[in-house]
Every structure is written in C-alpha cells, then in structure tokens.
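Ligands are counted one by one from 1 in listed order, and the atoms in each one are counted from 1 as well. Heads up: numbering here begins at 1 and tracks the sequence. Note: hydrogens, waters and symmetry copies are ignored here, and every other heavy atom, side chains too, is used.
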Amino acid sequence: MRSISIFGATGSIGENTFDLICRAGGADAFRTVALTGGRNVVRLAEMARVLRAELAVCADEACLPALREALAGTGIETAAGAQAIAEAADRPADWVMSAIVGAAGLVPGLRALRHGRTLALANKESLVTAGPLLMATAAQHGARILPVDSEHSAIFQGLVGEDIATVERIILTASGGALRDWPLEALARATVAEALAHPNWSMGQRITIDSASMFNKALEVIETREYFGIDPDKIEVIIHPESLIHSMVGFQDGAIMAHIGAHDMRHSIGYALNWPQRAPLPVARLDLAQIATLTFRAPDLGRYPALRLCRDVMATRGLAGAGFNAAKEIALDHFFSGEIGFMDMAGVVETALARLSSDLCLETDVMTLEDILGADHLARVRATEAAVALGQTRHT
Ligand code: NDP
C-alpha cells in the first residue's frame with residue numbers, strides 16, 4: 001500500500017489532494033502517515049479520522065489541546081509547532097504533498113527530500129527561496145520533485161520525451177487576476193475584498209492577492225528558472241484571461257506545445273499523484289466549440305512591477321530569492337491589515353531588497369539552510385521597516 005503525507009492538508013491544495021485520495025479509495029488504498037495544518041484543527045481532525053492518519057500536527061501550539069480533544073480515543077498521534085511539522089517530514093512516506101503556504105513550507109519539504117521521498121511541490125515559495133539547495137538535495141538523495149503549480153505541471157507534461165536543450169522559450173500564462181481590467185490609476189485604491197475576487201480560480205487568500213498583483217507570476221517565473229534550469233531570457237509571461245492554457249513550451253523548430261484544460265487544481269495534483277501513469281480524474285472536460293475563442297495580451301510592467309522585480313532577482317540569484325519571497329510575504333501582510341495600499345506592495349519589496357543587498361552579500365553560489373533562513377529573517381525586518389514607513393506616510 002502506498003504511503004502518503006500531506007503538509008498543509010487544511011488549505012485549498014490540501015483539500016483538493018484529500019478529495020483525490022478519498023476518491024481513489026482513501027484509507028483502504030493509502031496509508032496516511034502525517035497530515036498537517038495551521039490552525040484549523042477541526043478540519044484537520046476530520047481528515048485524520050477519515051484517512052486513519054498516524055499523526056496530525058498543527059502549526060499553532062495554542063491549538064494543540066483542541067486537536068487532542070478532537071482526536072481523543074482514535075489512537076492518532078498529535079503534535080504542534082514548526083519543529084513537530086519538520087519532524088513529521090522525517091517519517092517514511094512514499095509520496096509527500098508540500099502545500100503549506102509561504103516560506104514555512106521550505107523546511108518540511110527539504111527534510112522529505114533528504115529522505116529521498118517523492119515530493120509533490122505546490123509550495124512554490126520553497127523553490128523561489130532555496131531553489132539551488134532544493135534541487136541539489138533532491139539530486140543528492142535520489143528524491144524526485146513533481147511540480148503541482150498548474151503552470152509548471154503543464155510545462156513538465158509538455159517536456160515529456162523532449163530534450164530540454166531544444167527548448168527555445170517557456171510561455172507562462174497568467175489570468176491577470178481580479179483587477180486586470182481596472183484602470184491603472186484606480187489600482188492604488190483597491191481593497192483586499194476586491195483583490196480577492198479572482199475571475200477564474202478558487203485558491204487560498206494569499207495566492208489570490210498575489211495573483212492580482214502578479215507577485216504570484218513573478219514567483220512562478222523564478223520557480224521555472226530554478227526547476228527547469230532554463231535561462232531567464234527564455235521565460236515569457238502572457239496574460240490569457242480565460243486561464244485554459246496553463247502554460248506553453250516553445251521548441252527550436254517553432255512548435256509550441258500548449259497544455260489546455262479546465263481550471264481545476266485536481267488535474268495537476270492528480271498528475272503528480274499518479275505520475276508516471278495517467279489515471280482518470282474528476283475534472284471538467286472542455287467543450288472547445290463552446291469556448292470558441294482564447295485571447296492573449298502582453299502584461300503591462302507599469303501595472304505589474306513584480307514582473308520587473310523578479311528579473312532583478314534572477315540576475316542576482318543566490319539569496320535574492322529568499323529576500324524577495326520574504327519581503328513579499330511581509331508586504332502582503334501589511335496590505336491585508338490595511339496599512340499599505342495594493343500598489344505599495346511592490347515598493348516595499350523593492351526597498352527591502354535594496355537594503356538587504358547592503359546588509360548581506362546576496363550573490364553566492366553556495367548556500368546553506370542557515371544562510372537562507374538568515375536572509376529570509378533579515379528581509380522580513382527590512383520589509384517591515386519599509387511597510388511601516390510607507391503606512392505612516394499614507395496615514396499622515
Ligand atoms: P491555503 O492558505 O489555502 O492553505 C495553506 C495551508 O498551510 C493550510 O493548511 C494552513 O493551515 C497551512 N499553514 C498556514 N500557515 C502555516 C504555517 N506557518 N505553518 C504550517 N502550516 C501553515 O493555501 P493554498 O492551498 O492556496 O496554497 C498552498 C501552497 O500551494 C502555496 O505555496 C501556494 O502558492 C501554492 N499553490 C496554490 C494553488 C491553489 O490553487 N490554491 C495553485 C498553485 C500553487 P490552516 O488553514 O489550518 O491554518
């Protein structure tokens with residue numbers, strides 16, 4: 001029986017993974033080693049009961065008593081805190097889903113790779129923060145990383161049987177997010193609720209805002225560079241409002257392979273779960289005659305400064321990715337709390353990165369986990385300073 005663990009089980013990707021596991025036979029078909037959540041222990045306990053998990057871990061230690069109570073009498077072990085989540089990744093599992101949101105997903109993913117596991121990677125922040133370390137760890141321990149982000153799953157599928165040396169370009173598609181049709185001058189006033197109204201995808205709150213600002217696409221450009229080892233100049237972004245083409249690979253003979261399908265993360269999760277086979281998946285089948293038209297437009301960098309910033313990050317490499325992701329997470333927190341505006345997020349990240357590059361030498365070829373966590377921490381400090389300063393100017 002295949003054994004699995006799901007990190008971030010209570011989130012949007014985690015729920016979709018749980019759904020596929022249940023449809024594929026649940027506890028009768030899979031041995032569930034560990035399920036982790038953040039604070040939603042009611043849901044975590046429900047999932048743990050259904051899958052008869054061995055261990056359930058919540059990130060927030062204050063939630064542990066509630067988790068224990070919810071699982072009393074089941075024999076399911078419980079634990080809490082970041083360390084317990086990292087230790088859960090040491091438990092043997094054949095297939096591990098990395099779906100914690102943010103940089104908190106890095107350590108458990110890295111620990112799973114050190115044990116040679118197959119890691120289905122939704123947590124793009126890991127590759128942005130520590131791409132070279134993650135890829136080197138996977139290679140060293142014979143582990144495999146399978147992309148779950150729909151764009152990267154599309155590219156991965158487009159490359160089956162192909163020689164990466166023949167790839168001329170990778171075209172990442174972007175929906176443009178909730179505010180894509182707003183006039184540029186109105187964006188500064190966009191509220192959290194407005195930025196959360198994604199036209200196509202139903203996702204976690206943080207990634208939905210990142211989609212509107214295109215910080216999500218900026219992370220994905222870096223993720224593409226790190227995962228496929230492709231030159232940044234070969235990575236393009238195009239707005240495709242229908243979000244039906246999930247990404248494209250262009251080859252040196254002029255052919256473009258496009259991956260097309262419904263907006264449903266269960267496709268790329270299911271592909272990673274069943275890889276290298278394909279299995280039936282409960283996703284909608286497209287009626288192309290009814291869709292009739294697919295449209296594309298070039299992104300305006302004035303609207304989406306994140307797409308410019310990610311190019312600087314790739315030029316610096318080293319610890320710049322860790323700084324970029326951490327500063328972005330802080331900027332997003334301050335947007336959520338209403339201290340800064342939608343268009344201020346990029347300014348916070350740019351200022352934090354400039355300060356970070358005078359604090360630290362970001363351009364390094366060799367990086368340890370400690371270097372990365374140090375850069376992540378300092379970037380959060382610098383971004384908080386920048387966001388607080390901006391917030392004060394806004395409110396005076
Ligand atoms: P959600 O916000 O829906 O879920 C996040 C999960 O992480 C929840 O289980 C949450 O727990 C848990 N969590 C939150 N903070 C912590 C923490 N500090 N330590 C441990 N666990 C924590 O996110 P998504 O499912 O949308 O996204 C997950 C990852 O997948 C992200 O990296 C995202 O970029 C990526 N991704 C998501 C896509 C999507 O369609 N949603 C598409 C492609 C990639 P709880 O809810 O219990 O507090």
Side-chain angles (χ1 to χ4, degrees), residues 5-19 34-48 56-64 66-67 70 79-89 97-109 111 119-129 146-154 172-175 177 196 198 200-211 213 215-220 222-224 227 243 246-247 262-269 271-272 283 325-326 328-329 332-333 336 376 380:
S5 286
I6 308 174
F7 289 80
T10 49
S12 164
I13 293 286
E15 284 284 1
N16 280 310
T17 309
F18 176 76
D19 176 72
L35 296 180
T36 82
R39 294 176 160 183
N40 187 355
V41 290
V42 172
R43 184 63 184 141
L44 181 63
E46 259 169 28
M47 290 171 146
V57 191
C58 56
D60 188 339
E61 298 188 20
C63 297
L64 183 58
L67 181 63
Q83 182 61 22
I85 290 183
E87 284 166 12
M97 167 53 79
S98 167
I100 289 175
V101 66
L106 171 61
V107 171
R111 297 265 281 248
L119 186 71
L121 188 69
N123 178 266
K124 62 191 87 187
E125 297 89 341
S126 303
L127 272 175
V128 172
T129 302
L146 296 171
V148 169
D149 224 345
S150 58
E151 292 77 359
H152 302 80
S153 176
L172 290 172
T173 50
S175 68
L196 277 174
H198 197 286
N200 306 334
W201 291 94
S202 158
M203 308 182 283
Q205 293 209 338
R206 298 185 72 89
I207 187 173
T208 304
I209 304 277
D210 284 349
S211 175
S213 63
F215 265 107
N216 180 50
K217 206 51 55 182
L219 296 180
E220 287 175 7
I222 303 172
E223 187 185 2
T224 304
Y227 186 79
S243 295
H246 300 307
S247 274
H263 331 119
D264 189 332
M265 285 309 294
R266 291 177 304 176
H267 171 76
S268 50
I269 297 168
Y271 185 78
V283 300
N325 180 64
K328 190 272 311 172
E329 289 188 13
L332 182 57
D333 291 341
F336 266 121
D376 174 285
R380 285 173 199 272

Can you find a pair of side-chain heavy atoms, one from Leu106 and one from Glu125, that are under 4.5 Å apart?
no

Starting from atom 18 (N) of ligand 1, which protein heavy atom do you reach first, and at what distance in Å?
Ala104 CB, 3.7 Å

Pairwise distance CZ(Arg206) to CG(Leu332) - rounded to 0.5 angstrom:
4.0 Å

Please state which protein non-hydrogen atom is closest to atom 12 (C) of ligand 1 and give its distance, to 0.1 Å?
Gly38 N, 4.0 Å

Proximal atoms of ligand 1 relative to Ala122 (non-hydrogen, under 4.0 Å)
30 (O), 32 (O), 35 (C), 36 (N), 44 (C)

Just to confirm my output: which protein heavy-atom neighbour is closest to atom 28 (C) of ligand 1, and how far is it?
Ala99 O, 3.3 Å

When Ser243, Ser211, Ser175 are each screened for side chain to side chain donor-acceptor pair (under 3.5 Å) with Asn200, the one that passes is Ser243

Quick note on ligand 1: atoms under 4.0 Å from a heavy atom of Thr10 include exactly 8 (C), 9 (O), 10 (C), 11 (O), 45 (P), 46 (O), 47 (O)

Under 4.0 Å from ligand 1, counting heavy atoms only, is it the side chain of Met203, its backbone, both or neither?
both

Is the shortest N/O to N/O distance between Ser150 and ligand 1 below 3.5 Å?
no

Find all atoms of ligand 1 within a distance of less than 4.0 Å from any non-hydrogen atom belonging to Ile85, and give their numbers and elements.
20 (C)

Counting heavy atoms under 4.0 Å, the part of Ile207 that contacts ligand 1 is side chain

Part of Glu125 within contact of ligand 1 (heavy atoms, under 4.0 Å)
side chain

Is ligand 1 under 4.0 Å from a heavy atom in the side chain of Val148, in the backbone, in both, or in neither?
neither

Between Arg39 and ligand 1, does any nitrogen or oxygen pair lie at a separation below 3.5 Å?
yes

Answer with side chain, backbone, both or neither: which part of Ala59 has a heavy atom less than 4.0 angstrom from an atom of ligand 1?
side chain

Is the side chain of Asp149 donor-acceptor paired with the backbone N or O of His152 at a distance under 3.5 Å, no angle test?
no

Measure from NZ or CZ of Arg43 to the centre of the six-membered ring of Phe18, then state whether that distance is under 6.0 Å and the direction lies within 45° of the axis.
yes

Quick one: nearest non-hydrogen protein atom to atom 44 (C) of ligand 1, plus distance?
Asp149 OD1, 3.3 Å

Heavy-atom nearest neighbour in the protein, as seen from atom 21 (N) of ligand 1, with distance rounded to 0.1 Å
Ile100 CG2, 3.5 Å

In Val101, Asn325, Leu219, the residue satisfying side chain to side chain contact (heavy atoms under 4.5 Å, CB included) with Lys124 is Leu219

Roughly how far, to the nearest 0.5 Å, is the OG atom of Ser150 from the CG atom of Asp264?
10.5 Å

Starting from atom 34 (O) of ligand 1, which protein heavy atom do you reach first, and at what distance in Å?
Lys124 CE, 3.3 Å

If I take atom CZ from residue Arg39 and atom CG from residue Asp60, how far apart are they, to the nearest 0.5 angstrom?
5.0 Å

About how many Å separate NE2 of His246 and CG of Leu172, when rounded to the nearest 0.5 Å?
13.0 Å

Could you tell me whether a side-chain N or O of Thr36 sits under 3.5 Å from a main-chain N or O of Gly8, the two making a donor and an acceptor?
yes

Looking only at protein heavy atoms, which one is nearest to atom 25 (O) of ligand 1, and how far off is it?
Ile13 N, 2.9 Å

Heavy-atom donor-acceptor pair, Ser213 side chain to Asp210 backbone, under 3.5 Å:
yes

For Gly204, take its heavy atoms, then give the atoms of ligand 1 lying under 4.0 Å from any of them.
3 (O), 26 (O), 41 (N)

Working to the nearest 0.5 Å, report the span between CG of Asn216 and CE of Met203.
6.5 Å

Identity and distance of the protein heavy atom lying nearest atom 23 (O) of ligand 1:
Val101 CB, 4.0 Å

Quick one: does Ser12 get an N or O within less than 3.5 Å of an N or O on ligand 1?
yes

